[in-house]
Every structure is written in C-alpha cells, then in structure tokens.
Amino acid sequence: MTIRQDDRLVDGPLLPVRCRRCAAEVLVRKSSWEQTSIQWTAEARAACPELAADPHETCPALRSAIQEAALTGAIRVIDE
C-alpha cells in the first residue's frame, strides 16, 4: 500500500489568528474566500464562550478576525 503525502499545506500553511473577543488563538488556512479550515486547540476551545454555548457553531467574533486577516493579507487566500 502506498501512502500519498498531503501537499496542501506546502503552498498554504495553517497560520495563527486570535479572536479579539476572547483571545482564543486558532490555526487557519483559507483555500478560497468561501472555504476556511480552522484547527482548534483545547486551550482555544476552553477560552471561547461561543463554543461553550454551542460546540457545533463557529464564533462570530473569530469569523470576523479571520475575514480581517484575509482582507489585510495577514493570511493568504490560496485560490484568489
């Protein structure tokens, strides 16, 4: 069996973005304006009051911080 290497992170690594409301830091990759990958740490999950209320939702303040990071170029949108 051949294991195929995942090269997606080579041209667009996960980068840290911090929520302005609760200061939770997650790792983010924007494949396109419509697609965002978010990697939560245990610390970020514990810090986010929105996730405490509903763990299946994404925090609006964090979504805003990610959008701002993409618009300012702090994180790259791969498929522009």
For Ala46, what residues pass the side chain to side chain contact (heavy atoms under 4.5 Å, CB included) criterion, not counting sequence neighbours? none
Of all heavy-atom pairs linking Ile66 and Lys30, the shortest is CG2-CD, 4.1 Å
Step-by-step side chain to side chain contact (heavy atoms under 4.5 Å, CB included) determination, Leu51 to Trp40: CA-CA 11 Å; Leu51 287 185; Trp40 287 85; 3.4 Å; yes
If you define the side chain from C-beta out and look only at heavy atoms, does anything of Asp79 sit under 4.5 Å from Trp33? no
Note: Val77 and Ala70 closest approach over all heavy atoms is CG2-CB, 3.9 Å
Residue list, side chain to side chain contact (heavy atoms under 4.5 Å, CB included) with Ala69, at least two apart or on another chain: Val17, Ala74, Ile75
List the atom of Ala44, the atom of Ala24, and the distance in Å for their closest heavy-atom pair. O-CB, 3.6 Å
Identify the heavy atoms of Cys22 and Cys19 that sit nearest to each other, and give their distance. N-SG, 3.7 Å
Val28 side chain reached by Thr36 side chain, heavy atoms, under 4.5 Å: yes
Taking the side chain as every heavy atom from C-beta outward, state whether Leu62 and Val26 have any atom pair closer than 4.5 Å. yes
Look only at the side chain of Arg29 and the backbone of Ser37, and say whether a donor-acceptor pair between them is shorter than 3.5 Å. no
Gln67: partners by side chain to side chain contact (heavy atoms under 4.5 Å, CB included), with sequence neighbours left out: Leu71
Of all pairs that satisfy salt bridge (charged side-chain N to carboxylate O under 4.0 Å, His left out), the ones with a partner from residues 62-72, not counting sequence neighbours: Arg20-Glu68
All pairs passing salt bridge (charged side-chain N to carboxylate O under 4.0 Å, His left out) where residues 35-51 contributes a residue, at least two apart: Arg21-Glu50
